[in-house]
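Fair warning: this is a prediction, and the values are worked out from it, not measured in the lab. Each chain gets a letter, A, B and so on, in the order the sequences are listed, and its residues count up from 1.
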Amino acid sequence: MIDFATQLTNLLGPEFSREGLDPHLAEVRRSARPDLGDFQCNGALAGAKQKGENPRALADRLLESLRGQALLRETSVAGPGFINLALSDEALAAQANRLAEDARSGLTPVAQPLRVLVDFAGPNVAKPMHVGHLRATVIGDSLQRIARALGHQVTSDAHFGDWGLQIGLLIISLEDEQPELPYFRADYDESMFIEEPPVSMEDLDRMYPAASARMKEDVAYRDRARKATAELQKGRAGYLALHKHFWKVSKFALEREFTALNIHFDLWKGESDVNYLIEELVEKARQAGVAVPSEGALVIEVAREEDKKTVPPLLLVSSEGSAMYGTTDLATIVEREREVKPDLFLYVVDQRQALHFTQVFRAAQAAGLSQESRLEHIGFGTMNGTDGKPFKTRSGGVIKLHDLITSCRERALEKMEEGGYGKELSPAEREKTALMVGTAALKFADLSNYRLTDYVFDLDRFTSFEGKTGPYLQFQGVRVKSLLRKAAEQGLGEAPIQVLLPEEKALVLALDGFNGAVHLAFEKRAPHFVAEHVFTLAQAFSTFWVASPKILEEKDEAVRGSRLRLSRAVLTQLELGLGLLGIEIPERM
RNA sequence: GCGCUGGUAGCUCAAUGGAUAGAGCGUCGGCCUCCGGAGCCGAAGGUUGGAGGUUCGAAUCCUCUCCGGCGCGCCA
């Protein structure tokens, strides 16, 4: 099925072409003036400008052959040359029924599916996920869901940060704590491997910040860490064994969070997985003259004449001989080009790393590893506390994602109990629902903001069951589920949708906007368009709900059946739309 | 210093160069013999940070400027 905006655009397109104008000018959108029409087209204004004629006259000619179209009840030209289009009742009803029958709720796949690689979350070894990871995770997951829904072939990768200096730091930190471990022996070999990990996640969490802080003041310590890093990368067996331990311990802890958030990755590749490619990568770049020595290191120059800013070179090999952040990113591109062959790479990473990605993408182009045009950095702003500053605990520490999820879940449970809802649920179900509601609060709050803006985290506001929140949207879904459940119990069936009330018309038009919202969200790589749509839909439903009270008691079977079918269509779209944001609707709450 | 971002209602945020800039919260006023009222309807509240410019038309594009956040070679 095709949404109204597209149908109308397709109708007007040939008319613009006939006038010798670009059919793109025919783009039709929802009207800003519902009193004048359901949809509008502004193309006559720009078109008349090109032709040097009166826009109203042009608009009139464009509309001539549209008269008598079954789709339209009325067409008119207003103001300087706005084209207003009003839909016929028949068209509205027909579209409503098509939407209700469509399991995809009107969502159409893209004409040209792409292989899309989504790199997001980027959790690190030894560092529990904190609030900073929330946005990357939630936005990245939503983008992968949206891309899949549109028919793209998506591969998602957590891109585990398990390489580089942080591992070197952990190694020397552990060496100081437990020098007796076999992994530090120069003659270590695999037969000495001990299955039991030498550290717990708590140990890593304690060691890393301490070592990181010490490195900043203690130059000798930093050099030791860098040396350990270089040795690890060169394949020192004992260090590789430690790396394996760190990796396993960290991944186990991280998966707990991803499971709670209902987030899935196709790949859980780490930076260490591309280490085998680095030597060849560096050698080729050096031979091709792309990589050049500079201040003792090996770099790829990426500055360009047209740059307004100075773009520093990408550091390929440090003076210590170790691969850097950008190096592993380049190697990762090589591996992805070989194994996934993406048409599009999306890197969902904090906006503060924009410069880094500029460097990597240019270097990838320069070294012939990929095409810059296919590499995209999807940046995002930070999550701040109610004081407007980056979100911190009272003592000034970083809040762990796990604790954040826990407090959302607990608050959701409190709200449910406060309102006396969910009483019929078993304690286990209630806990499960509370987690669903809590994560919905967290995700919707994040995804309803445009990704590049910073936003203020306010637990009370986000977990509120009223207003523009995840729980409110779930609640609307729960209401419909309850209605449909009762209808089924009473043996009340559906019937073709009739659009009788203005609230029903508004609801059908809202439903019809889903397809456009999802496509726009992917084009802009901005899930908030979906969030916005779902909220608009929920509001339209609520208005309809009040305008057509007691559907179950409606005596007219056709009217009752129509409203039940319309309600079910709403539920389908709410579930799909919220699903694109990674939010589930419980049966009861 | 250079660059990237953001600045919209009291607060938190939307708005693919289009008509009268919209929501949520808060405030004020309505609607409960209600399928889940955690809802709905209405009102007040704006020189879109400021100044120029482009355009038939600017929150949106350009220039300058003020304020906040951030980034600028051996961390990731």
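- Residue contacts shown for Arg29(A) include a base, since a base heavy atom lies under 4.0 Å away.
- Nucleic acid contact class of Val478(A) (heavy atoms, under 4.0 Å, all strands): base.
- Across all strands, Leu169(A) comes closer than 4.0 Å to no nucleic acid atom at all (heavy-atom distances).
- Separating the CZ atom of Phe462(A) from the P atom of U12(B) is a distance of 12 Å, rounded to the nearest angstrom.
- Separating the C1' atom of U12(B) from that of A51(B) is a span of 29 Å, rounded to the nearest Å.
- Among the heavy atoms of the strands, none lies under 4.0 Å from His356(A).
- Rounded to a whole Å, the CZ atom of Phe475(A) is 9 Å from the P atom of G36(B).
- The side chain of Ser542(A) places no N or O atom within less than 4.0 Å of a non-bridging phosphate oxygen (OP1 or OP2) of A38(B).
- Across all strands, Glu553(A) comes closer than 4.0 Å to no nucleic acid atom at all (heavy-atom distances).
- In this structure, the CH2 atom of Trp163(A) is 21 Å from the P atom of C74(B), given to the nearest Å.
- Backbone-only engagement by Asp454(A) is indicated by non-hydrogen atom pairs under 4.0 Å involving sugar-phosphate atoms exclusively.
- Contact annotation for Ser548(A): base contact, defined as any heavy-atom pair under 4.0 Å involving a base atom.
- Nearer the 5' end of RNA chain B, as judged by each residue's closest nucleotide, is the contact made by Asp35(A), out of Thr469(A) and Asp35(A).
- Across all strands, Ala354(A) comes closer than 4.0 Å to no nucleic acid atom at all (heavy-atom distances).
- Atom CG of Leu574(A) is separated from atom CG of Leu537(A) by 5.0 Å, given to the nearest 0.5 angstrom.
- Here Phe82(A) counts as stacked on A19(B): its ring centre is under 5.5 angstrom from the base ring centre and the planes meet at under 30°.
- In this model, the phosphate group of A76(B) is not approached by any side-chain N or O of Arg352(A) to a distance below 4.0 Å at OP1 or OP2.
- When the C1' atom is compared between U27(B) and C11(B), the two are found 12 Å apart, to the nearest whole Å.
- Between Arg451(A) and U5(B) there is no side-chain polar atom (N or O) within less than 4.0 angstrom of OP1 or OP2.
- For Asn84(A) against A19(B), a side-chain N or O and a base N or O form a donor-acceptor pair under 3.5 Å.
- Under 4.0 angstrom from either OP1 or OP2 of G37(B) there lies at least one side-chain N or O belonging to Arg479(A).
- For the C1' atoms, the distance linking U8(B) with G46(B) amounts to 8 Å, nearest Å.
- Comparing C72(B), G39(B), C75(B) against the side chain of Met324(A) picks out C75(B) as the nearest.
- Counting any heavy atom pair closer than 4.0 Å across all strands shown, Gly161(A) reaches no nucleic acid atom.
- Residue contacts for Glu295(A): at a heavy-atom cut-off of 4.0 Å it reaches a base atom on one of the strands shown.
- For His533(A), no side-chain nitrogen or oxygen approaches OP1 or OP2 of A14(B) to under 4.0 Å.
- The phosphate of C41(B) (OP1 or OP2) has a side-chain N or O of Thr543(A) nearer than 4.0 angstrom.
- Lys486(A) comes within contact range of the sugar-phosphate backbone alone, with a heavy-atom separation under 4.0 Å but no base atom that close.
- Lys127(A) is listed as a side-chain neighbour of Gln166(A), based on a closest heavy-atom distance under 4.5 Å.
- Straight-line distance from the CZ atom of Arg525(A) to the P atom of U16(B): 16 Å, rounded to whole Å.
- Counting to the nearest Å, the C1' atom of C70(B) and the CG atom of Leu355(A) are 12 Å from each other.
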ring-ring contact (aromatic ring centres under 6.0 Å, His included) assessment of Phe465(A) paired with Phe475(A)
CA-CA 8 Å; Phe465(A) 283 37; Phe475(A) 174 72; 7.6 Å; no
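- Under the Watson-Crick or G-U wobble criterion, with both distances below 3.5 Å, G3(B) is paired with C70(B).
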Evaluate the criterion salt bridge (Lys or Arg N to Asp or Glu O under 4.0 Å) for residue pair Lys227(A) and Glu320(A); output intermediate values, then yes/no.
CA-CA 7 Å; Lys227(A) 195 159 171 241; Glu320(A) 197 67 45; over 6 Å; no
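- One finds no side-chain N or O of Trp545(A) lying less than 4.0 angstrom from the OP1 or OP2 phosphate oxygen of C34(B).
- One cannot find a donor-acceptor pair under 3.5 Å joining the base of A23(B) and the side-chain atoms of Gln539(A).
- The shortest heavy-atom contact between Phe39(A) and Leu509(A) is CE1-CD2, 3.9 Å.
- Counting atom types as modelled, Glu523(A) pairs no side-chain N or O with a base atom of U16(B) as donor and acceptor under 3.5 Å.
- Spacing between G73(B) and C66(B) at atom C1', rounded to whole Å, works out to 33 Å.
- Just one of Asp119(A), Ile139(A), Thr137(A) meets the side chain to side chain contact (heavy atoms under 4.5 Å, CB included) condition when paired with Val348(A); it is Ile139(A).
- Using a 4.0 Å heavy-atom cutoff across all strands shown, Glu418(A) reaches no nucleic acid atom at all.
- Under the Watson-Crick or G-U wobble criterion, with both distances below 3.5 Å, C61(B) is paired with G53(B).
- When both pairing distances are held under 3.5 Å, U20(B) makes no Watson-Crick or G-U pair with any nucleotide shown.
- When every heavy atom of Val546(A) is checked against every heavy atom of Pro549(A), the shortest pair comes out as O-CD, 3.5 Å.
- Atom CD of Glu557(A) has 12 or fewer neighbouring heavy atoms from other residues, nucleotides or ligands inside a 6.0 Å radius.
- Under the side chain to side chain donor-acceptor pair (under 3.5 Å) test applied with Tyr455(A), the options Thr382(A), Asn449(A), Asp446(A) reduce to a single match, Asp446(A).
- Nucleotides U5(B) and A9(B), compared at atom P, are 22 Å apart to the nearest Å.
- A distance of about 10 Å separates the P atoms of C4(B) and U63(B), rounded to the whole Å.
- One interatomic measurement links the two molecules: CD of Gln50(A) to P of U55(B), which rounds to 16 Å at whole-angstrom precision.
- The distance from atom CG of Asp458(A) to atom P of C25(B) is 13 Å, rounded to the nearest whole Å.
- On the C1' atoms, G71(B) is 36 Å away from G18(B), given to the nearest whole Å.
- Candidate nucleotides A19(B), G3(B), C75(B) were compared by shortest atom distance to the side chain of Lys308(A), and G3(B) ranks first.
- Under the Watson-Crick and G-U wobble criteria, each requiring two contacts below 3.5 Å, nucleotide G42(B) is paired to C28(B).
- Here Val299(A) lies in heavy-atom contact (under 4.0 Å) with a base.
- Counting non-hydrogen atoms of neighbouring residues, nucleotides and ligands closer than 6.0 angstrom, the CD atom of Glu305(A) reaches no more than 12 such neighbours.
- Nucleotides G68(B) and C74(B) place their C1' atoms 31 Å apart, quoted to the nearest Å.
- Comparing Met416(A) and Arg33(A) along RNA chain B, the residue whose closest nucleotide (by nearest heavy atom) sits nearer the 5' end is Arg33(A).
- The residue Thr453(A) sits close only to the backbone: its heavy atoms come under 4.0 Å of sugar-phosphate atoms, none of a base.
- Proximity of Tyr455(A) to the phosphate of A14(B): no side-chain N or O atom is located under 4.0 Å from OP1 or OP2.
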